[in-house]
Asks: 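My questions will all concern the structure given below.
When a residue number appears, it is its place in the shown sequence, counting from 1.
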Amino acid sequence: MQGCADTRKVFTKSREYRTNALRHLSNGVSSTPRASQRPVPVVIDSAAGVTLTDVDGNRYLDYALGYGPLILGHSPEPVMHALRDALDRGLRTASVNSDEAALADLIAANVPCADRVAFVNTGTEAVQLAIRIARATTGRCRVAKFRCNYHGWVDDLHVGCSPGQDGPATLGQDPRASEMVTLLDWGESDAARQVLDDSFAAVIVEPAAINAGCFAPPAGFLETLRDVTRRHGIVLVFDEVITGFRMSPGGAQACYNVVPDMCVLGKALGAGLPIGAVAGTDGVMDVVSSGRMLHRGTFNGNPLSMAAGVACVSHLQEHAARIYPRMERFAQRISAHIQHEAARNAVAIHARSVGSALQVFAGVRRVDGIGDLAGIDRDATLLLTEELLREGVFTLPRGLMYLSAIHTDEDISTTLAAITRAVRSHADRPGGA
């Protein structure tokens, strides 16, 4: 892509939009984190491939990818073809469409734990359904989750999301909703062995902690969870909303060779369309399969989402040998370049990657584990991602970046040059080093 590296970008129309949006649209955005983008939440006018164009005509290489779902880039032809066909057949009925079973078959063919699949519309919904299934299956209520793992925004599990903060993550949550939730430290096998017992219905965990900062699981951690949960009859749930179909067609469970009882899927599964799914073994999913436990939702199995999912997963399955190593190699290359430029400019910036995701932190020179997250300077990270934006590299404001199947070597070269300039600019800010 040409023309991204223009440091003279102006954001006049995005600023005008925000002023107008704040009149009636709460916070001027539809998801709170979007409001944190600096210098202003950018309004995108169009997107194609991995290129974004905003309302001011600025162009960017996209590494936000819709918060991760756009693993095939914007408007990939296999998905668009499927969507056009689905649109021609109507938006919605109160019955079923054939792509529901087709997508379930594809998930079962790729994801190790998937004997049965149930569809919802978001990752948050999928998590709630998984927990309900685990409770219905075991007859127990207690759930264990891990600090700094994110499982959606509902009250019971939206706790322990930030370093040093074990309580509710936001105003308005019912503090009693999480009374049956026990918090553990992610990556700590000994704590799991000591705390988990026959009173727990489920353990839910991000097998690779992408949300926290792109951490691979410590050696033996997932294996310990599998062993302990099996011993106590606890349902082990992998939250693969991010890692599912992004780390591999089989998700993180296939990469790490640890098979849970259930996983929750979303994001990349729908190639940009809203979708969520729970996939699990026959034994665990029987309460849903038999109809004994209610599974409801007007938009479950939405024809457009199902069509997009079939097209996306089919493409990923067919081209996996080429797509996944390439994305991972690109992520490692970008991460290493950020580290190199940080050292060369003597600036406190750190980057790390897992699979095709990478995280950039500012204000620290090393982040080796989740315990180091307390030292992150979030304001400095926002300033760094602003520098990247001005250089034509579009990331999530908090520094999370995703690779797609269609980023090219030329895109990466352009990105590395932009990173060099952005880190230099960051170092030149007062107090930047």
Asks: Where is the tightest heavy-atom contact between T124 and G152, given as atom of each residue plus distance?
Replies: OG1-CA, 3.1 Å
Asks: Could you check whether any side-chain heavy atom of I334 comes within less than 4.5 Å of a side-chain heavy atom of L416, counting everything from C-beta outward?
Replies: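 In contact.
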Asks: Could you tell me whether the side chain of D156 and the main chain of S178 form a donor-acceptor pair under 3.5 Å?
Replies: no
Asks: Are the side chain of D88 and the backbone N or O of D85 linked by a donor-acceptor pair below 3.5 Å?
Replies: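 Between the backbone of D85 and the side chain of D88 there is no qualifying donor-acceptor contact (under 3.5 Å).
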Asks: List the steps and the verdict of side-chain contact (heavy atoms from CB on, under 4.5 Å) for V127 and V154.
Replies: CA-CA 10 Å; V127 167; V154 292; over 6 Å; no
Asks: Quick one: do R344 and E341 make a salt bridge, cutoff under 4.0 Å?
Replies: yes
Asks: If you compare all heavy atoms of R322 against all heavy atoms of P325, which two are closest, and at what distance to 0.1 Å?
Replies: O-CD, 3.8 Å
Asks: For a quick test of reading the model, state the closest non-hydrogen atom pair linking D174 to D155 and the distance between them.
Replies: N-OD2, 2.9 Å
Asks: If only atom types and distance count, is the side chain of D99 paired as donor or acceptor with the main-chain N or O of A102 below 3.5 Å?
Replies: no
Asks: Kindly say whether K145 contributes a backbone atom to a donor-acceptor pair with the side chain of N149 at under 3.5 angstrom?
Replies: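 It does not hold such a pair.
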Asks: Quick one: side chains of residues 303-318, donor-acceptor pairs under 3.5 Å with protein atoms, not counting sequence neighbours, listed by atom name and distance.
Replies:
residue	atom	partner	partner atom	Å
S305	OG	P274	O	2.5
S314	OG	V310	O	2.7

Asks: Would you check if V288 and R116 make a side-chain contact, meaning some heavy-atom pair closer than 4.5 Å?
Replies: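 A side-chain contact is absent here, since even the closest heavy-atom pair is not under 4.5 Å.
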Asks: Can you list the steps and then say if R147 with D185 is a salt bridge (Lys or Arg N to Asp or Glu O under 4.0 Å)?
Replies: CA-CA 5 Å; R147 292 180 176 90; D185 288 323; 3.0 Å; yes
Asks: Taking the side chain from R38 and the backbone from E386, do they hold a donor-acceptor pair closer than 3.5 Å?
Replies: no
Asks: Is a donor from one side chain sitting under 3.5 angstrom from an acceptor on the other, for D411 and T408?
Replies: yes
Asks: Below 4.5 Å, heavy atoms only, C-beta onward: do E387 and R421 meet side chain to side chain?
Replies: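 E387 does not reach R421 side chain to side chain.
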Asks: Do L269 and L103 come close enough that some side-chain heavy atom pair is under 4.5 Å?
Replies: yes
Asks: Between R352 and S335, is there a side-chain donor-acceptor contact under 3.5 Å, judged purely by atom types and distance?
Replies: no
Asks: Quick check: does any side chain N or O of S353 sit under 3.5 Å from a backbone N or O of L358, one acting as donor and the other as acceptor?
Replies: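 No, S353 side chain to L358 backbone: no donor-acceptor pair under 3.5 Å.
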Asks: Where do C148 and P163 come nearest, in terms of heavy atoms and distance?
Replies: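 In this case the closest contact between C148 and P163 is SG-N, 3.9 Å.
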Asks: For the CG atom of L129 and the NE2 atom of H295, what is their distance to the nearest 0.5 Å?
Replies: 5.0 Å
Asks: How long is the straight-line distance from NE2 of H151 back to CD1 of I204, given to the nearest 0.5 Å?
Replies: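 Interatomic distance, I204 CD1 to H151 NE2, rounded to 0.5 Å: 4.5 Å.
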Asks: Return yes when atom CZ of R378 has more than 12 non-hydrogen atoms of other residues, nucleotides or ligands closer than 6.0 Å, and no otherwise.
Replies: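 Counting other residues, nucleotides and ligands, CZ of R378 stays at 12 neighbours or fewer.
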Asks: Kindly give the heavy-atom pair with the smallest separation between A405 and M327, and that separation in Å.
Replies: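 Minimum heavy-atom separation between A405 and M327: N-SD, 3.6 Å.
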Asks: Parallel, tilted or perpendicular for F394 and Y60, by the 30°/60° rule?
Replies: perpendicular
Asks: Flag the pair L396 / T385 as yes when at least one side-chain heavy-atom distance between them is below 4.5 Å, and no otherwise.
Replies: no
Asks: Is any side-chain heavy atom of S404 less than 4.5 Å from a side-chain heavy atom of L70?
Replies: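 No. Closest side-chain heavy atoms not under 4.5 Å.
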Asks: Working note: E16 + K13, criterion side-chain contact (heavy atoms from CB on, under 4.5 Å); need CA distance, chi angles, decisive distance, verdict.
Replies: CA-CA 5 Å; E16 290 174 352; K13 292 183 179 179; 4.2 Å; yes
Asks: Indicate the atoms forming the closest heavy-atom contact of I71 with F245, along with that distance.
Replies: CD1-O, 3.1 Å
Asks: Any sub-3.5 Å donor-acceptor pair from T51's side-chain atoms to A47's backbone N or O?
Replies: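 No: the side chain of T51 does not pair with the backbone of A47.
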Asks: Can you tell me which residue among F215, W186, Y256 is in a ring pair (Phe, Tyr, Trp, His ring centres under 6.0 Å) with F221?
Replies: W186
Asks: Show, in sequence, the C-alpha distance, side-chain angles and deciding distance for T381 and R398, and conclude whether the side-chain hydrogen bond (donor to acceptor under 3.5 Å, both in side chains) test is met.
Replies: CA-CA 6 Å; T381 301; R398 62 187 174 101; over 6 Å; no
Asks: More than 12 heavy atoms of other residues, nucleotides or ligands under 6.0 Å from CZ of R84: yes or no?
Replies: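 Enclosed: over 12 neighbouring heavy atoms sit under 6.0 Å from CZ of R84.
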Asks: Dump the intermediate steps for side-chain hydrogen bond (donor to acceptor under 3.5 Å, both in side chains) on E410 and S413, then the final yes or no.
Replies: CA-CA 5 Å; E410 181 183 3; S413 295; over 6 Å; no
Asks: Are there more than 12 heavy atoms of other residues, nucleotides or ligands under 6.0 Å from atom CZ of R18?
Replies: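 It does: R18 CZ has more than 12 such atoms within range.
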Asks: Do F361 and I349 have side chains that get closer than 4.5 Å, going by heavy atoms?
Replies: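 With C-beta onward as the side chain, the pair stays apart.
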Asks: Within a reach of under 6.0 Å around CZ of R132, are more than 12 heavy atoms found that belong to other residues, nucleotides or ligands?
Replies: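 No.
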Asks: Between OH of Y150 and CD1 of I242, what distance do you get to the nearest 0.5 Å?
Replies: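 The CD1 atom of I242 is 9.5 Å from OH of Y150, to the nearest 0.5 Å.
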Asks: Determine, stepwise, if the pair L183 / D166 fulfils side-chain contact (heavy atoms from CB on, under 4.5 Å).
Replies: CA-CA 8 Å; L183 291 172; D166 279 357; 3.7 Å; yes
Asks: Roughly how far, to the nearest 0.5 Å, is the CG atom of L273 from the CG atom of N302?
Replies: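 CG of L273 is found 7.5 Å from CG of N302.
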Asks: Output yes when a side-chain donor or acceptor of D261 lies under 3.5 Å from a complementary backbone atom of L236, and no otherwise.
Replies: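 Present.
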Asks: How long is the straight-line distance from CG of L403 back to CZ of R329, given to the nearest 0.5 Å?
Replies: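 One gets 10.5 Å once the value is rounded to the nearest 0.5 Å.
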Asks: Check whether more than 12 heavy atoms from other residues, nucleotides or ligands sit under 6.0 Å from atom NE2 of H319, and answer yes or no.
Replies: yes
Asks: Could you measure the distance from the CD atom of Q339 to the CD1 atom of I419? Nearest 0.5 Å is fine.
Replies: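 Between Q339 CD and I419 CD1, I get 11.0 Å after rounding to 0.5 Å.
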Asks: With a 4.5 Å heavy-atom cut-off, do T395 and V393 have their side chains touching?
Replies: yes
Asks: Is the side chain of H350 donor-acceptor paired with the backbone N or O of V364 at a distance under 3.5 Å, no angle test?
Replies: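 No, H350 side chain to V364 backbone: no donor-acceptor pair under 3.5 Å.
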Asks: Taking the cut-offs as 6.0 angstrom to the six-membered ring centre and 45 degrees off its axis, would you call K267 and Y402 a cation-pi pair?
Replies: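 So K267 doesn't make the cation-pi contact.
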Asks: Show the numbers, then the answer: is there a side-chain contact (heavy atoms from CB on, under 4.5 Å) between L22 and N20?
Replies: CA-CA 5 Å; L22 285 169; N20 292 331; over 6 Å; no
Asks: Quick one: does any side-chain atom of N97 pair with a main-chain N or O of G301 as donor and acceptor, under 3.5 Å?
Replies: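 Flag set: sc N97 to bb G301 pair under 3.5 Å.
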